[in-house]
Amino acid sequence: MDLQTQTSNILGSISDTAKSICSDKVLFPKEKGDKKKAECILIGLMTCLVAAMGDNPKLAYNILPEYLNKLGEDVPKKDYKKCSRDSMSFYNKFRDIGASVQFSSSDWEDVMAASFADLIMKGLEAKESDDAQKTLVLLVQKLVEESKTYSETEVTVVKFVSHKKALIALAIASVLLFAALTCASVFAYTLISRNRELSASIESLQTQNSELISTVSSQEEVIASLNGQIDDLDLVNYELGTEITEFSNYIEDHESDIQVSEHLESFDAEAKEGSGSFYADSYVVTTSGEEVSINVTMSFYGTCNLQGDNKRITAAWDDHFTDDGTIKVTFTPVKKGATTFHFFNDQNGDTFDVLVIYV
């Protein structure tokens, strides 16, 4: 199924779910809810779910622009901006909730669905009750399961221009780093396995020792030998535990390197460059701690937006466009690693990505 068909199906689910919510007498006993507002909230929800649960950011980033495009030219521009602003605001709230509960317990998906339902109920100013919460939880769970069906099955190879050679070099470096870290992980796993085997051997020897003490008092030399073996195995076990700790610390110390490598690999395979009318002057930016900037050009009237995939690096727009349609975007490093920023506008489907690396 192509990207456009998948997006259309998602927008259909959003419309049906919004209609179901706004016409539910439990949620809105007096008069129907605001369907457009519900759709904007659900766009933020599905963007979050498709990116996280479906692991398909390319499809997730296409939902809002396609929805705005389908609103039609007769819709006032202020409505475009309000929907875009509301959707992105709720996307951030859903994402933060998901990040805080993910893997916190065996039933974390149920906890997440309940929290999402509460947020939707407050956002639509629906009548709060246990029945209302249950109704929204069921709808959210249905969307969660739907999002899982949109996992990305194709890898789109993007042709880069001037920065391609540099990006390939960085990608090769990331492959080498992954190879080194993989070896370390395999070695650490082997040490853990040996540790478990030695622990089992210690238990076996201790059992034999107890049986010999209770049944054969004359075999003191055998018992002493077994005790010596236990001491030796305890020492080896301790040394292996120390090695495991050192490897764990090594992996933790290089967490930002791993995170940068993952972003480089994903960016090299999936990132998009701008069109002739909507583009940036640089798509890969590095910093060692200082603020860095790029220039974004949009040669048509409208509003452009950006969305980062984490909070390691923040972004801020300049106050206004220049006469030639160019505006500066400044990136501020917060935590070492990398952040991919997705740029899109409210006039067409043109998008591009910018990777910012803090080393």
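- Of the N and O atoms on the side chains of Ser84 and Asp346, not one donor lies less than 3.5 Å from an acceptor on the other residue.
- Cluster membership for Val140 and Tyr91, using ILVMFWY side-chain heavy atoms within less than 4.5 angstrom, is shared.
- In this structure, Val296 and Thr326 have side chains that are not in contact, with every pair of non-hydrogen atoms separated by 4.5 Å or more.
- Using a cut-off of 4.0 Å between Lys/Arg side-chain N and Asp/Glu carboxylate O, Asp96 and Lys311 are scored as salt-bridged.
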For this session: Give the C-alpha distance, both sets of side-chain angles, the deciding distance and a yes or no for side-chain hydrogen bond (donor to acceptor under 3.5 Å, both in side chains) between Ser288 and Glu290.
Result: CA-CA 6 Å; Ser288 57; Glu290 68 280 359; 3.1 Å; yes

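- Electrostatic pairing of Lys122 and Asp118 does not count as a salt bridge here, judged by no charged N lying under 4.0 Å from a carboxylate O.
- By the 4.5 Å heavy-atom criterion applied to side chains, Ile313 and Thr332 are not counted as neighbours.
- One finds no salt bridge joining Glu128 and Lys134 here, because no Lys/Arg side-chain nitrogen approaches an Asp/Glu carboxylate oxygen to under 4.0 Å.
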For this session: Apply the test side-chain hydrogen bond (donor to acceptor under 3.5 Å, both in side chains) to residues Asn227 and Asn209: give CA-CA distance (whole Å), side-chain angles for both, the deciding distance (0.1 Å), then the verdict.
Result: CA-CA 8 Å; Asn227 284 331; Asn209 191 17; 2.8 Å; yes

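- Asn345 is not listed as a side-chain neighbour of Thr303, based on a closest heavy-atom distance of 4.5 Å or more.
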Problem set entry | side chain to side chain contact (heavy atoms under 4.5 Å, CB included) assessment of Ile10 paired with Asn62 | CA-CA 10 Å; Ile10 290 174; Asn62 198 49; over 6 Å; no

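- Scanning for salt bridge (charged side-chain N to carboxylate O under 4.0 Å, His left out) contacts around Lys35 gives Glu39, with sequence neighbours left out.
- Counting only N and O atoms by type, the side chains of Asp324 and Thr322 include a donor and acceptor under 3.5 Å apart.
- Cluster membership check: Phe116 does not share its hydrophobic cluster with Leu138, using side-chain heavy-atom separations under 4.5 Å among Ile, Leu, Val, Met, Phe, Trp and Tyr.
- Looking only at side-chain heavy atoms (C-beta outward), Asp268 and Leu264 stay at 4.5 Å or farther from each other.
- Summarising the local packing, NZ of Lys81 is surrounded by 12 or fewer heavy atoms from other residues, nucleotides or ligands at distances under 6.0 Å.
- You'll find the side chain of Met53 reaches within 4.5 Å of the side chain of Glu109, heavy atoms only.
- Linking ILVMFWY residues whenever their side-chain heavy atoms come closer than 4.5 Å, directly or via other members, leaves Val334 and Ile357 in distinct clusters.
- Clustering ILVMFWY residues whenever any of their side-chain heavy atoms sit less than 4.5 angstrom apart, transitively, puts Val50 in the very cluster that holds Phe90.
- Checked by atom type, the side-chain pair Asp2/Thr5 shows a donor-acceptor distance below 3.5 Å.
- More than 12 heavy-atom neighbours from other residues, nucleotides or ligands sit within 6.0 angstrom of NZ on Lys148.
- Hydrophobic clustering places Ile14 together with Leu3 (ILVMFWY residues linked when any side-chain heavy atoms are closer than 4.5 Å, directly or through intermediates).
- Ring centroid separation for the pair Phe343 and Tyr279 does not come in under the 6.0 Å cut-off.
- Residues Thr340 and Asp353 bring no donor and acceptor atom of their side chains to less than 3.5 Å of each other.
- Remark: the Glu66 side chain and the Gln4 side chain contain an N/O donor-acceptor pair separated by less than 3.5 Å.
- Aromatic ring centroids of Phe344 and Tyr61 lie 6.0 Å or more apart.
- Counting only N and O atoms by type, the side chains of Asp309 and His263 include a donor and acceptor under 3.5 Å apart.
- Between Thr330 and Glu291, the side chains place no donor N or O within less than 3.5 Å of an acceptor N or O (distance only, hydrogens not considered).
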Problem set entry | Verdict with reasoning, Cys304 to Phe321, per side chain to side chain contact (heavy atoms under 4.5 Å, CB included) | CA-CA 11 Å; Cys304 54; Phe321 281 90; 3.7 Å; yes

